[in-house]
Q: 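Take a look at the following structure, please.
A, B, ... follow the sequence lines: proteins, then strands. Residue 1 opens every chain.
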Amino acid sequence: MANNEELFKKIISHAKEYGYIFPSSEIYDGLSAVYDYGQYGVELKNNIKNYWWKSMVQMNENIVGIDTAIFMHPTIWKASGHVDAFNDPLIDNKDSKKRYRADVLIEDHIAKIEDKILKEIRKASERFGKDFDEEKFRATHPRVLENTEKIASIQKRFNEALNQNDLGEVKKLIEDLGIVCPVSGTKNWTDVRQFNLMFSTQMGSVSEDSGTLFLRPETAQGIFVNFLNVQKTGRMKIPFGIAQIGKAFRNEIVARQFIFRMREFEQMEMQFFVPPGEELTWFEYWKEQRMKWHLSLGISASKYRWHPHEKLAHYANAAVDIEFEFPFGFKELEGIHSRTDFDLSSHEKFSGKKLRYFDAESNESYVPYVVETSIGVDRTFLAVFSNAYTEEILADGSERTVLRLPAVLAPIKVAVLPLVKKDGMPEKARLIIDELKNDFLCQYDEKDAIGRRYRRQDAIGTPYCVTIDNETLENDTVTLRERDSMLQTRVSIENLRKEISEGLRPLRF
RNA sequence: GCGGUAAUAGCUCAGUCGGUAGAGCGUCAGCUUCCCAAGCUGAAGGUCGUGGGUUCGAGACCCAUUUACCGCUCCA
């Protein structure tokens with residue numbers, strides 16, 4: 001584990017040192033959990049997005065893409081459940097320094113009272129044997145009645161406090177109930193504070209007439225609210241999907257682990273609309289498709305695993321994560337959720353607009369069910385990057401740090417290197433770059449010994465180096481050096497583009 | 001958000017008892033070099049995270065703050 005921590009630190013500093021990721025606002029001491037992508041980082045990130053987009057929109061006739069605004073009507077977040085579901089009231093115990101969710105503390109307390117009732121029931125059931133009537137017992141036994149009423153009154157008080165956003169009352173409830181911290185055993189509580197996962201901002205230039213908006217915490221809602229627009233203008237027939245790549249914002253309590261959990265991040269989501277009753281079949285289909293996509297990058301299958309959700313979110317009837325083995329352990333990379341008709345139905349309710357699909361074949365109209373695939377761009381970046389980082393010892397005992405990025409995702413595809421900086425080799429190299437730069441992002445380097453230049457390209461993950469030597473000047477052939485194997489082959493300049501293209505082709509899936 | 005640790009050149013780090021800042025690597029310029037980093041010469045690069053304080057004098061001591069890491073806490 002200590003080794004992995006070391007490795008993770010090295011990966012982070014490599015990312016910075018080689019222009020992949022910089023801490024945001026670094027010259028002003030940085031901004032917590034916000035990062036900028038550098039000159040190579042942006043290429044890798046764009047390549048990841050492009051690779052995903054093609055796999056969805058280009059490879060599937062029935063999937064189209066959209067790009068919706070980050071600002072959306074505030075009611076959307078009521079409809080989606082984000083306003084209610086993501087306001088966690090938090091409270092700290094001053095002695096143990098432990099933090100709890102206030103609602104969980106109260107629910108635990110209720111559960112304890114519930115236990116007492118169950119104990120009475122068990123005792124009575126043993127006493128009366130098979131004549132025992134639980135319903136009647138619950139309705140008549142004085143102590144059980146008393147506890148049942150207690151639970152009801154706690155729940156009522158708690159719900160009222162939450163509905164009125166009265167956090168003082170929540171704290172008072174905890175104090176009145178005599179709830180103690182399970183660790184310190186004391187009642188020395190801080191005030192209850194609301195933690196809202198969504199960032200808010202003001203629309204309108206004058207503060208008095210401005211309305212509060214949220215920065216979207218997920219891109220999915222932009223798809224749902226455009227369901228009809230896309231379906232009608234694209235003449236889409238169910239089943240069909242809408243894909244989107246875009247930024248989302250969440251006010252995480254603790255945002256750590258580099259770019260794994262950032263406050264501003266980017267998602268690649270696809271919502272697939274299906275007839276009611278077929279959602280679990282499609283859920284299985286997309287599970288399989290998405291795993292194939294990951295494996296097509298050539299990363300070892302052992303780095304991935306499934307994580308089925310036991311506790312489902314308010315909108316889902318099936319959910320599974322694809323987890324990746326990051327240097328800090330297996331963590332969620334992508335989620336595949338069967339979201340039912342929750343979102344579209346909810347938007348029907350809140351907007352008053354019908355969000356239905358008329359199926360001409362079956363002659364019926366229904367609210368489609370949705371299967372979602374949702375993957376983090378930044379997490380995929382981190383997965384690919386951390387998996388690629390390799391320190392190896394070569395046969396001659398020397399060390400090499402190489403980014404074994406999937407070639408299709410590598411920022412620079414080809415480095416063109418004159419073996420020496422004379423005899424017309426630099427000029428020849430420039431001509432070759434002109435040949436290649438339409439198809440591949442190229443880099444020219446003539447500084448330092450050739451070996452050092454190879455290592456520099458290894459460090460940024462360039463899959464191919466083309467080297468111009470004396471022979472090149474005689475017969476128009478160059479050496480093509482492959483990053484991972486370090487093997488060189490002699491290739492004629494006119495075949496270069498073809499050779500490189502083949503090496504950049506991803507595995508089919 | 002709480003507790004602990006840390007912050008010196010692009011990177012990794014040294015800096016003695018408090019006396020005006022150093023190395024290696026990297027970068028840049030030039031030389032050399034026909035294929036896998038560490039040949040040669042030269043140069044640039046630091047108000048020591050930031051703000052206060054103690055002191056004749058602070059990179060070092062004290063306080064605050066920011067950021068990162070570790071442990072809690074939270075995570076649709």
Q: Using the P atom on both, measure rC17(B) against rA9(B) and round to a whole Å.
A: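 The same atom, P, in both gives a distance of 23 Å.
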
Q: May I ask you to verify if any side-chain N or O of Ser32(A) is less than 4.0 angstrom from the OP1 or OP2 atom of rU66(B)?
A: no

Q: Can you see if the side chain of Arg456(A) gets near the phosphate of rU27(B) - specifically, an N or O under 4.0 Å from OP1 or OP2?
A: yes

Q: Can you tell me how far C1' in rC35(B) sits from the matching atom in rU8(B), rounded to whole Å?
A: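 Pairwise C1' distance, rC35(B) against rU8(B), rounds to 39 Å.
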
Q: rU32(B) P sits how many Å from Met425(A) CE, rounded?
A: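 The answer, rounded to whole Å, is 14 Å.
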
Q: Can the ring centroids of Phe227(A) and Phe273(A) be said to lie less than 6.0 angstrom from one another?
A: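 Between Phe227(A) and Phe273(A), the centre distance is under 6.0 Å.
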
Q: Which nucleotide, in any strand shown, forms a Watson-Crick or G-U wobble pair with rC35(B), with both distances under 3.5 Å?
A: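 Base-paired to nothing in any strand shown.
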
Q: Nearest to the side chain of Val420(A), heavy atoms from C-beta on, is which of rC69(B), rC35(B), rU33(B)?
A: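 The listed nucleotide nearest to Val420(A)'s side chain is rU33(B).
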
Q: Base, sugar-phosphate or nothing for Gln488(A)? Non-hydrogen atoms, less than 4.0 Å.
A: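 Base, at least one base heavy atom under 4.0 Å.
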
Q: Between Leu31(A) and Glu17(A), which is nearer to the 5' end of RNA chain B once each is assigned its nearest nucleotide?
A: Glu17(A)

Q: Taking atom types as modelled and ignoring hydrogens, do the side chains of Glu372(A) and Gln271(A) form a donor-acceptor contact shorter than 3.5 angstrom?
A: yes

Q: Taking the same atom, P, in rG24(B) and in rA43(B), what whole-Å distance lies between them?
A: 13 Å

Q: State which of rC28(B), rU33(B), rC36(B) makes the closest approach to the side chain of Lys447(A).
A: rC28(B)

Q: Within this structure, what is the NZ-CD1 distance for the pair Lys9(A) and Ile11(A), rounded to the nearest 0.5 Å?
A: 12.5 Å

Q: When both hydrogen-bonding distances must be under 3.5 Å and the geometry is Watson-Crick or G-U wobble, what is rC28(B) paired with, if anything?
A: rG42(B)

Q: Using heavy-atom distances to pick each residue's nearest nucleotide on RNA chain B, tell me which of Lys16(A) and Arg490(A) is more 5'.
A: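 Counting from the 5' end, the first nearest nucleotide belongs to Lys16(A).
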
Q: Across all strands shown, which nucleotide pairs with rG1(B) by Watson-Crick or G-U wobble geometry, both distances under 3.5 Å?
A: rC72(B)

Q: Determine which nucleotide pairs with rA7(B), using a 3.5 Å limit on both distances of a Watson-Crick or G-U wobble pair.
A: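 Across all strands, the one nucleotide that pairs with rA7(B) is rU66(B).
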
Q: Considering every strand and a 4.0 Å limit on heavy-atom distances, what is the contact class for Pro217(A): base, sugar-phosphate, or nothing?
A: base

Q: With ring centroids as reference points, do Phe214(A) and Phe199(A) lie under 6.0 angstrom apart?
A: no

Q: Select base, sugar-phosphate, or nothing to describe what Arg400(A) touches, counting heavy atoms under 4.0 Å on all strands.
A: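 Contact class for Arg400(A): none.
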
Q: Between rC62(B) and rG1(B), how many Å separate the two C1' atoms, rounded to a whole number?
A: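 Taking atom C1' in both rC62(B) and rG1(B), they lie 26 Å apart.
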
Q: If I pick the P atom on rG53(B) and the same atom on rA60(B), what distance separates them, to the nearest angstrom?
A: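 My reading of the P atoms in rA60(B) and rG53(B) gives 14 Å.
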
Q: If you take atom types as modelled and just measure distance, does the side chain of Arg452(A) reach the base of rC36(B) with a donor-acceptor pair under 3.5 Å?
A: no

Q: I'd like to know whether the aromatic ring centres of Phe326(A) and Phe328(A) sit less than 6.0 Å apart in this structure.
A: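 Yes: the rings meet the under 6.0 Å criterion.
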
Q: Write down the distance between CZ (Phe260(A)) and C1' (rC69(B)), rounded to a whole number of angstrom.
A: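 Rounded to whole Å, this separation is 17 Å.
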
Q: Using whole Å, report how far NZ of Lys10(A) lies from P of rC13(B).
A: 11 Å

Q: On a whole-Å scale, what distance lies between the C1' atoms belonging to rU20(B) and rG46(B)?
A: 13 Å

Q: Select one nucleotide: of rC36(B), rC35(B), rU12(B), the one nearest the side-chain heavy atoms of Ser13(A).
A: rU12(B)

Q: Taking atom P in both rU32(B) and rC40(B), what distance in whole Å separates the two?
A: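 It comes out at 15 Å once rounded to the nearest Å.
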
Q: Name the nucleic acid region contacted by Glu399(A), choosing base, sugar-phosphate or nothing; use a 4.0 angstrom heavy-atom cut-off, strictly under.
A: base

Q: Does the structure show a Watson-Crick or G-U wobble partner for rA21(B), both distances under 3.5 Å? Name it, or say none.
A: none

Q: Rounded to the nearest Å, what distance is computed from the NZ atom of residue Lys421(A) to the C1' atom of nucleotide rC28(B)?
A: 11 Å

Q: Could you state the atom-to-atom distance from CG of Asp458(A) to P of rC35(B) in whole Å?
A: 18 Å

Q: For rU33(B) and Lys422(A) - does any side-chain N or O of the residue sit under 4.0 Å from the phosphate oxygens OP1/OP2?
A: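 Lys422(A) to rU33(B) OP1/OP2: side-chain N or O found under 4.0 Å.
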
Q: Given rC36(B), rC35(B), rU33(B), identify the nucleotide with an atom nearest to the side chain of Leu419(A).
A: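 Between rC36(B), rC35(B), rU33(B), the one nearest the side chain of Leu419(A) would be rC35(B).
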
Q: Within 45° of the axis and under 6.0 Å from the centre of the six-membered ring of Tyr454(A), does NZ or CZ of Arg481(A) qualify?
A: yes

Q: In whole Å, what is the span from the CZ atom of Arg453(A) to the P atom of rC28(B)?
A: 12 Å

Q: Find the distance Arg481(A):CZ to rC36(B):P and express it as a whole number of Å.
A: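 From Arg481(A) CZ to rC36(B) P: 10 Å.
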
Q: In the strands shown, is rU55(B) matched to any nucleotide by a Watson-Crick or G-U wobble pair with both distances under 3.5 Å, and which?
A: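 Its partner is none (no Watson-Crick or G-U wobble pair with both distances under 3.5 Å).
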
Q: Does Phe260(A) have its ring centroid less than 6.0 Å away from the ring centroid of Phe258(A)?
A: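 Phe260(A) vs Phe258(A): aromatic centres not under 6.0 Å.
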
Q: Can you tell me, in whole Å, how much space there is between the C1' of rG26(B) and that of rC13(B)?
A: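 Per the computed distance, 14 Å lies between those C1' atoms.
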
Q: Using ring centroids (six-membered ring only for Trp), state whether Tyr304(A) and Phe330(A) fall under 6.0 Å.
A: no

Q: How many Å lie between CD on Glu446(A) and C1' on rU33(B), as a whole number?
A: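 Between C1' of rU33(B) and CD of Glu446(A): 14 Å.
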
